[in-house]
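Structure first, commentary second.
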Amino acid sequence: QVRLIESGGGLVQAGASLRLSCAASGGTFGSFTMGWFRQAPGKEREFVAAISMSGGITSYADSVKGRFTISRDNAKNTVYLRMNSLKPEDAAVYYCAAGVRVGYYSGSYSRKSDEYDYWGQGTQVTVSS
């Protein structure tokens, strides 16, 4: 049973930075494509970023490109999301996800949440203006 535990969320002012972490256990971390999604109140869960098994390929939502960076440390079974220049519209619950077979189309990972097999419980990010 794969378990994902997110941490690092909190309340920050607009323009600040946060780094989210997601620690994985119970599986072969290096065999998963890892992703971050977010869900704001009243909105659907949306794709934020994804990273390949080796860490060599990344994909981002247009809304975070240039501000967020996804990375992973396979030795620590952990994936990170560095978030810079945070905006009030970035406020959401952020979820970590692991996928065995996540599609890669036209130079980008699939943004479909149903292509991921395992999910964390989420960590809240609040951004004040």
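Given the structure is predicted, the values throughout are model-derived calculations rather than measurements.
How far CZ of R101 is from OG1 of T33: 11.0 Å, rounded to the nearest 0.5 Å. Between L11 atom CG and S128 atom OG the span is 5.5 Å, to the nearest 0.5 Å.
A side-chain donor-acceptor contact under 3.5 Å links T123 to the backbone of G9. Under the 3.5 Å distance criterion, the side-chain polar atoms of R111 are matched with a main-chain donor or acceptor of Y60.
A cation-pi geometry, defined here as NZ or CZ lying under 6.0 Å from the six-membered ring centre and within 45° of its normal, does not hold between R38 and Y95.
By the 4.5 Å heavy-atom criterion applied to side chains, I57 and I51 are not counted as neighbours. For the pair Y94/L81, a side-chain contact is recorded, criterion being any heavy-atom separation below 4.5 Å from C-beta on. L20 has its side chain within reach of V125: a pair of non-hydrogen atoms, C-beta onward, lies under 4.5 Å apart. You'll find the side chain of C96 reaches within 4.5 Å of the side chain of M34, heavy atoms only. Using a 4.5 Å heavy-atom threshold, the side chains of R67 and M83 count as separate. For the pair V100 and S31, the minimum side-chain heavy-atom distance is 4.5 Å or more.
The nearest pair of heavy atoms linking S129 to P88 is CB-CG, 3.8 Å. Between Q124 and V93, the shortest heavy-atom distance links the atoms OE1-CG2, 3.3 Å. Annotation for W36 and I70: closest pair CD1-CD1, 3.6 Å, computed over non-hydrogen atoms. Closest approach of V79 to F29, counting heavy atoms only: N-CZ, 3.9 Å. Shortest non-hydrogen contact noted between Q121 and L4 is OE1-O, 3.5 Å. Contact detail for S54 and N74: the closest heavy-atom pair is CA-ND2, 4.5 Å.
In this structure, K87 does not pair ionically with D90, as no charged nitrogen and carboxylate oxygen lie closer than 4.0 Å.
Side-chain polar atoms of S110 and E115 form a donor-acceptor pair below 3.5 angstrom. If you check the side chains of S17 and N84, you find a donor sitting under 3.5 Å from an acceptor.
Evaluation of the ring pair (Phe, Tyr, Trp, His ring centres under 6.0 Å) test over residues 100-123, restricted to residues two or more places apart or in two chains, returns F32-Y118, F37-Y116, F37-W119, Y104-Y109.
Follow the hydrophobic side-chain contacts under 4.5 Å out from F47 and you never reach Y80; the two are in separate clusters.
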